[in-house]
Structure formats: structure tokens, C-alpha cells
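Below is one structure; the comments refer to it alone.
Small disclaimer: the values here were computed from a predicted structure and weren't measured.
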Amino acid sequence: MTVEDLTIKLVETEAEMEAALGVRFRVFVSEQLVPMEEELDEIDSTATHAIAVHNGHVIATGRVFYRDEDSAAHIGRMAVNANWRRRGIGGRLLKFLEMEAKTQGVSTYVLNAQAYVKDFYAANGYEERGTEFLEPGIVHILMRKDASYPD
């Protein structure tokens, strides 16, 4: 399995959204035991969702959303199917979401990183903020990146 034929794009159809949710359910619900009712939230209906597609199959997903109270892009629900991890797909998906957010004029990207992948986000320019916390039962840390950070 190679990543040469990988396409990263915005979710455009209901079928693509269902496939993106399938990745999230495999990663968060099945692997990490996040309760289904906590994985799905009201943000899904207003967020911008992106997917990584290989040979017609969605293999990774992430989303970005905005809140009225700040000028930050909130990136989250980053998930890559187990057999596709450690191939640079997460980094490409993250850059895609950042570029999408940049078109909205944001000044900052923020995310709640699972503690075990905080080094991945740090390698992509994110800095830890505050102390670790549990979200849903998994240790997370708030991370932030200035949108002007060089790519």
C-alpha cells in the first residue's frame, strides 16, 4: 500500500461523510473505546470535514470549526485507519485543514491532542498550553499554533 495515489479533499457528499465517520468509529470507538454518544457531537453538522482517499476508499479524516468567541480554527477528530499510520498521511491532512482554515482568515490553530501524539503536533509547529486533562477518559493537552507559522 503506497500513498502516491492519495487524495486529500473536503467532504462533499453524504457517502463521503459516512465514510469519514466510519474511520472515526474504527479509531475512536473501536480502538480507543470512546463511547459512541461522545464521539458524535453537534459540531459535526457545522464543521468543515476533510478526508484522505486512496483508490476510492476513505482512509483518514479530520475536521475544522470556528467559534464566535475567538479567531482560532479548532482542528479535531483527526483519525487515520490503523494500517495507514506512520506514512505521513496525518501530517498531510493536518496541513490541508490548516490551509482551509487560513482561507477563513484565522490567526491561530488550536486542538486538543491526545497526549501520546503530542510529539506529532509539536513536529508540525504546535506548542503545548496549560495542563493535561481527560477527554473522554483519554489524556489530552491543549496545543496552539500561530497561523503565520512557516510551513
*How about Glu14: does its CD atom have over 12 heavy atoms from other parts shown lying under 6.0 Å from it?*
no
*Take Arg24 and Thr61 through the side-chain contact (heavy atoms from CB on, under 4.5 Å) test and state the conclusion after the steps.*
CA-CA 7 Å; Arg24 285 173 44 187; Thr61 188; 3.6 Å; yes
*Could you give the distance from CG (Leu111) to NE2 (His140), rounded to the nearest 0.5 Å?*
9.5 Å
*If you round to the nearest 0.5 Å, how far is CZ of Arg26 from CG of Asn83?*
9.0 Å
_Worked check of side-chain contact (heavy atoms from CB on, under 4.5 Å) between Asp44 and His49_ = CA-CA 8 Å; Asp44 280 326; His49 298 266; 3.3 Å; yes
*Are any of the side-chain heavy atoms of Ile59 and Val80 separated by less than 4.5 Å?*
no
*asked:* I need the minimum non-hydrogen distance between Val34 and Pro136, along with the two atoms involved.
replied: CG1-CG, 3.6 Å
*asked:* With rounding to the nearest 0.5 angstrom, report the CG to CG distance, Asp119 to Asn124.
replied: 11.0 Å
*Nearest heavy-atom neighbours spanning Met78 and Leu97*: SD-CD1, 3.7 Å
*Considering only NZ, NE, NH1 and NH2 on the basic side and carboxylate oxygens on the acidic side, decide whether Arg85 and Glu31 come within less than 4.0 Å.*
yes
*Could you state whether Leu142 and Val139 fall into the same hydrophobic cluster, counting links through intermediate Ile, Leu, Val, Met, Phe, Trp or Tyr residues with side-chain heavy atoms under 4.5 angstrom apart?*
no
*Kindly work out whether a path of hydrophobic side-chain contacts (I/L/V/M/F/W/Y, heavy atoms less than 4.5 Å apart) joins Leu21 to Val11.*
yes
*Would Tyr116 end up clustered with Val27 when hydrophobic side chains under 4.5 Å apart are linked, directly or stepwise?*
no
*Where do Val53 and Lys9 come nearest, in terms of heavy atoms and distance?*
CG2-CD, 4.4 Å
*Tell me, yes or no, whether the heavy-atom count around Arg86 atom CZ, taken from other residues, nucleotides or ligands under 6.0 Å, exceeds 12.*
no
*asked:* Distance check, rounded to the nearest 0.5 Å: Ser148 atom OG versus Lys102 atom NZ?
replied: 7.5 Å
_Any side-chain to backbone donor/acceptor pair from Ser45 onto Glu42? Under 3.5 Å, distance only._
yes
*asked:* Rounded at 0.5 Å granularity, tell me how far OG1 in Thr108 sits from CG in Asp146.
replied: 5.5 Å
*Any side-chain heavy atom of Arg144 sitting closer than 4.5 Å to one from Tyr126?*
no
*NZ/NE/NH1/NH2 to OD/OE distance under 4.0 Å, Glu132 and Lys118*: yes
_From CD1 (Ile51) to CG (Leu93), nearest 0.5 Å_ = 9.5 Å
*asked:* Tell me whether the rings of His74 and Phe65 are parallel (<30°), tilted (30 to 60°) or perpendicular (>60°).
replied: parallel
*Please report the closest heavy-atom contact between Glu98 and Tyr109, naming both atoms and the distance.*
O-OH, 3.2 Å
*Any side-chain heavy atom of Thr13 within less than 4.5 Å of one from Glu16?*
yes
*asked:* Hydrophobic clusters here meaning ILVMFWY residues chained together by side-chain heavy-atom distances under 4.5 Å, can you tell me if Met143 and Phe96 are in one?
replied: yes
*Does the pair Ile75 and Leu94 meet the rule for a side-chain contact (heavy atoms from CB on, under 4.5 Å), with working shown?*
CA-CA 8 Å; Ile75 295 174; Leu94 181 61; 4.0 Å; yes
_Side-chain donor-acceptor pair present, Gln114, Glu135, cut-off under 3.5 Å_ = no
*With a cut-off of 6.0 Å (strictly less than), are more than 12 heavy atoms of other residues, nucleotides or ligands near CD of Glu127?*
no
*Closest approach of Val23 to Val58 (non-hydrogen atoms, all atoms of both residues)*: CG2-O, 3.6 Å
*For Val106 against Ala101, the heavy-atom pair lying closest together*: CG2-O, 3.5 Å
*Stepwise side-chain contact (heavy atoms from CB on, under 4.5 Å) test for Phe133 and Ile138*: CA-CA 8 Å; Phe133 58 94; Ile138 299 170; over 6 Å; no
*Look at the side-chain heavy atoms of Ile, Leu, Val, Met, Phe, Trp and Tyr, link any pair under 4.5 Å apart, and say whether Val64 and Leu40 land in one connected group.*
no
*Could you walk me through whether Arg77 and Glu39 pass the salt bridge (Lys or Arg N to Asp or Glu O under 4.0 Å) check?*
CA-CA 9 Å; Arg77 299 305 202 265; Glu39 174 50 30; 3.2 Å; yes
